[in-house]
Protein chains: 2
Amino acid sequence: MQQSYSKRMPPRRPGPGGAKGWWRGRFKGCGYRFTVPRQVILDTLNRTSKHLSAEDIYLAVHRTCPNIGLTTVYRTLELLVQMGLVFKFDFGDGRARYELSRETHPRGHCYLVCINCRRVINADDFREKETERIKQIEETIAKRYNFRVRNQITQFYGLCGKCSQERTEDE
Amino acid sequence: MQQSYSKRMPPRRPGPGGAKGWWRGRFKGCGYRFTVPRQVILDTLNRTSKHLSAEDIYLAVHRTCPNIGLTTVYRTLELLVQMGLVFKFDFGDGRARYELSRETHPRGHCYLVCINCRRVINADDFREKETERIKQIEETIAKRYNFRVRNQITQFYGLCGKCSQERTEDE
DNA sequence: TTGATAATGAAAACCATTTTCACTAAGCAT
DNA sequence: ATGCTTAGTGAAAATGGTTTTCATTATCAA
Ligand SMILES: [Mn+2]
Ligand SMILES: [Mn+2]
Ligand SMILES: [Zn+2]
Ligand SMILES: [Zn+2]
């Protein structure tokens, strides 16, 4: 389970089961300890593509490690965000959401938030064209404001399919 | 100050000093009373282009109307958001921000958030090209997910000019 | 194996926001 | 104008996600 880890950092290609080794390296590289809670929390985030809240993660983790406290979940998530391994979002429902940073969309995120039922649709699946367009906006804005973009979120607020049907009387 | 208000709603062209009359009409049209706290809070939002927090608004309002409580500020803001007169944002600093909905950018917002100093730069000043690009993304996504977009926010997280200078040692 | 100390967890604190409830005032009917 | 009805208000308390505190534990370099 615990594979050897060489000095140079593998270029973010974890391989089957090797994600843990890569993570360990990142932690050591930053001078942090790779503890059991941190492993389990990363595993939980790695196992889903959903945007989990701290409590979601706490409950999932609690099934296998009932001794891990909510405090540690919050602290670990804060650390992971600061290390750039995890993205933190806010959809306006009063709790933060967390998502593992993946190669597939390294820094572009898109969400549809229904203002009626509060449902959040993950619309990260940008095609070629959308990716290109958002990248061009990013470059323009970054140059205009002398800003170095690390991560980008686009949120569309409106009515989901189900809720817009139920409101056919409005305008 | 208080101008006559005809049945049909003026097409969102307040005119000098007539914003209040238009607001009153919106409130009456929804069956709400146009109270002093509501007027003052709208005035405060109308007087700035900044993204104010509830407390910001409370303090600004408090100077002229010390009797208006923070509770009312929250309640009024919630109502204004629900009426579509005000937009609510979250930049991840633990407090919501509010901004009056204006004709200039009726439903597109863009912010740059510095992950180091937490500064928020209002980058709403989209040129022709950016507006066009974000609109095309919106249309594509809306169709793909059968979603009726009401409002849209693009946030770029990264380092502002000042903070990226101070970090020339990194990568 | 051992020691230094980073990390943990339970409980308390924090703090933005919401709820409660007695009171006030907007605006319609008189 | 005056009074009535009730939507709206504000002080205080409650809520709930997140952070802090502090005594205890576990990681890992030596
Ligand atoms: Mn995403
Ligand atoms: Mn804006
Ligand atoms: Zn919905
Ligand atoms: Zn900065």
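In what follows, every chain begins at residue 1, and chains take the letters A, B, ... in the order their sequences are listed.
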request  = Would you kindly give the CD1-to-C1' distance between A:Ile41 and C:dG9, to the nearest whole Å?
outcome  = 12 Å
message = Let's see if you can work this out: which of C:dA7, C:dT20, D:dG8 has an atom nearest to the side-chain heavy atoms of B:Arg75?
response = C:dT20
query = Could you state the OH-P distance from B:Tyr58 to C:dC15, rounded to the nearest angstrom?
reply = 17 Å
key: Nearest-angstrom distance from the residue atom OH of A:Tyr32 to P of C:dT8   = 12 Å
Nucleotide D:dA29, atom C1' - distance to CZ of A:Arg24 in whole Å = 14 Å
request  = Return no unless some side-chain N or O of A:Arg38 is found under 4.0 Å from OP1 or OP2 of C:dA7.
outcome  = yes
request  = Could you label the plane-to-plane angle of the B:Phe91 and B:Phe89 rings as parallel, tilted or perpendicular, counting under 30° as parallel and over 60° as perpendicular?
outcome  = parallel
Most 5' of B:Tyr98 and B:Pro37 on DNA chain C, judged by nearest nucleotide = B:Tyr98
request  = May I ask you to decide whether B:Asp90 forms a salt bridge with B:Lys88, counting only side-chain N to carboxylate O separations under 4.0 Å?
outcome  = no
ask   = Rounded to whole angstrom units, what separation is found between the OH atom of B:Tyr74 and the P atom of C:dA16?
value = 7 Å
message = Need one value for B:Thr35: base, sugar-phosphate or nothing, where a base atom within 4.0 Å counts as base even if backbone is also close, heavy atoms only.
response = sugar-phosphate
message = Side chain of A:Lys28, heavy atoms from C-beta onward: which of C:dT8, D:dA29, D:dT9 has the nearest atom to it?
response = D:dA29
request  = Check if the side chain of A:Arg33 and the base of C:dA6 share a donor-acceptor pair of N or O atoms closer than 3.5 Å.
outcome  = yes
note = Out of C:dT8, D:dT9, D:dA12, minimum distance to the side chain of B:Thr71 belongs to D:dA12
key: Heavy-atom donor-acceptor pair, B:Arg127 side chain to B:Asp125 backbone, under 3.5 Å   = yes
ask   = Taking atom C1' of D:dT18 as reference, at what distance in whole Å does atom CZ of A:Arg97 sit?
value = 15 Å
key: B:Glu130 with B:Lys135: basic N within carboxylate O range, under 4.0 Å   = no
task = Indicate whether the side chain of A:Thr154 and that of A:Gln152 have a donor and an acceptor atom separated by less than 3.5 Å.
result = yes
remark   = On DNA chain C, more 5' by nearest nucleotide between B:Ala54 and A:Ile68 is A:Ile68
query = Side chain of B:Arg95: nearest nucleotide among D:dT9, D:dT18, C:dT17?
reply = C:dT17
inquiry  = Using the side-chain heavy atoms of B:Val36, tell me which of these nucleotides is nearest: D:dC28, C:dA26, C:dT8.
reply    = C:dA26
note = Atom CZ of A:Phe34 and atom C1' of D:dA26 are separated, to the nearest Å, by 15 Å
query = What integer distance in Å separates B:Glu78:CD from C:dA16:P?
reply = 18 Å
query = Nearest to the side chain of A:Leu70, which nucleotide is it out of C:dG9, D:dG8, D:dT18?
reply = D:dT18
